[in-house]
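Taking it in order: structure first as structure tokens, then the write-up.
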Amino acid sequence: IFVFMLVRDNSAVEMFLMISGLVVAANMFKIFAYTPGGMHYLLIPATHTEKLVSSILLSTVYYFCMFLLTYIIGTWLGITLGNLLFGLENPVTFSFFEMDKISVGWEGNEAHHMGLLKTFVSYTITQSIFLLGSLFFKRGAIGKTFLSIIAISFVFMFIQIVLIKINFGSWHTNFNNSIFLPTGIRLFQDYEWILKLLTYLFIPFLWLVSYFRLTEKEV
């Protein structure tokens, strides 16, 4: 609450949400780092599906809702106290709930605010990745998951470059990092709907992989 009493920049709020959320997700199955605790968890009379679903609900839905509630309370208290102490007349607004737009950052620079729905999707993807990481890595799940993301990204980038080179021969980019093929097609912009579809499908895919990883755990 104290953080939101001071922070007004939407980009900072989004960053705080992502960082705090991934820490929660990465520690969701930290119990497996200790053999006795892992054995006790697996012996709980509940199916693997129930255990995974409860973890997803706690780390994604519940945490996101509590984050928004804390943001509302902290923002209201911060603006109200500021008005009372300094004689200001700032209206109580919750800009984090506004739609996708460009806002002014804390340094006076323009900052992009994704909007609540896009923020939730990005947050859910982050949660899904680090929830899976907590099942793969017993200790240091945050750092090891970050390193895995970097390594996998480099591999996919290399494969993408090789495939474009084989199929099109050459390409060029502009200042927006848009990839233009010799045919005039903008690789990401012209097929944006495919990327959106893959993004939404990526979330249940990670949950499915997490389920099978959880079933591999043994007493």
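We use all heavy atoms of the structure for the numbers below, so side chains are in, but hydrogens, waters and symmetry mates are not. By convention here, the first residue in the shown sequence is residue 1.
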Would you say Leu17 ends up clustered with Ile73 if hydrophobic residues are merged whenever their side chains have heavy atoms under 4.5 Å apart, either directly or through other cluster members? yes
Enter the distance from Ile44:CD1 to Met39:CE here, rounded to the nearest 0.5 Å. 13.0 Å
Does NZ or CZ of Lys144 come closer than 6.0 Å to the centre of the six-membered ring of Phe136, within 45° of the ring's axis? no
Taking side chain as C-beta onward, heavy atoms only, is Glu216 less than 4.5 Å from Arg213? yes
Leu132 and side chain to side chain contact (heavy atoms under 4.5 Å, CB included): which partner among Val209, Leu208, Thr145? Val209
Taking C-beta and beyond as the side chain, do Leu6 and Phe2 meet within less than 4.5 Å on heavy atoms? yes
Quick one, Met18 and Ser122 - any side-chain contact, counting heavy atoms below 4.5 Å? yes
Distance, nearest 0.5 Å, that separates NZ of Lys217 from NE2 of His48: 10.5 Å
If you measure from CG on Leu198 to NZ on Lys196, what distance do you get to the nearest 0.5 Å? 13.0 Å
For residues 56-69, tabulate all N or O donor-acceptor pairs below 3.5 Å that involve a side-chain atom, not counting sequence neighbours.
from	atom 1	to	atom 2	distance (Å)
Ser59	OG	Ser55	O	2.8
Thr60	OG1	Ile56	O	3.2
Tyr63	OH	Ser20	OG	2.6

Are Phe32 and Phe212 grouped together when hydrophobic residues (ILVMFWY) are joined by side-chain heavy atoms under 4.5 angstrom apart? yes
Could you tell me whether the side chain of Ile72 reaches within less than 4.5 Å of the side chain of Phe4, counting heavy atoms only? no
Nearest 0.5 angstrom please: Thr75 OG1 to Ile1 CD1, how far? 10.5 Å
Are the side chains of Tyr200 and Val121 in touch, meaning some heavy atoms are under 4.5 Å apart? yes
Please report the interatomic distance OG1(Thr119) to CD(Glu14), rounded to the nearest 0.5 Å. 4.0 Å
Quick check: do Phe94 and Ile79 have side-chain heavy atoms less than 4.5 Å from each other? no
With hydrophobic residues grouped by side-chain heavy-atom distances under 4.5 Å, do Ile150 and Met157 end up in a single group? yes
Should Val92 and Phe96 be regarded as members of a common hydrophobic cluster, given that ILVMFWY residues are connected when their side-chain heavy atoms come within less than 4.5 Å of each other, either directly or indirectly? yes
Are the side chains of Leu214 and Phe29 in contact, using a 4.5 Å heavy-atom criterion? yes
I'd like to know if Tyr71 and Met15 are part of one continuous hydrophobic network [Ile/Leu/Val/Met/Phe/Trp/Tyr, side-chain heavy atoms within less than 4.5 Å]. no
On a heavy-atom basis, the closest approach of Phe130 and Ile142 is CE2-O, 3.8 Å
Between Gly133 and Ala141, the two heavy atoms sitting closest are O-CB, 4.0 Å
What distance separates Lys51 NZ from Ser210 OG, expressed to the nearest 0.5 Å? 15.0 Å
Taking every heavy atom of Val7 against every heavy atom of Ala12, the minimum-distance pair comes out as CG1-CB, 3.8 Å
So do Leu22 and Ile129 actually touch side chain to side chain, heavy atoms under 4.5 Å? no
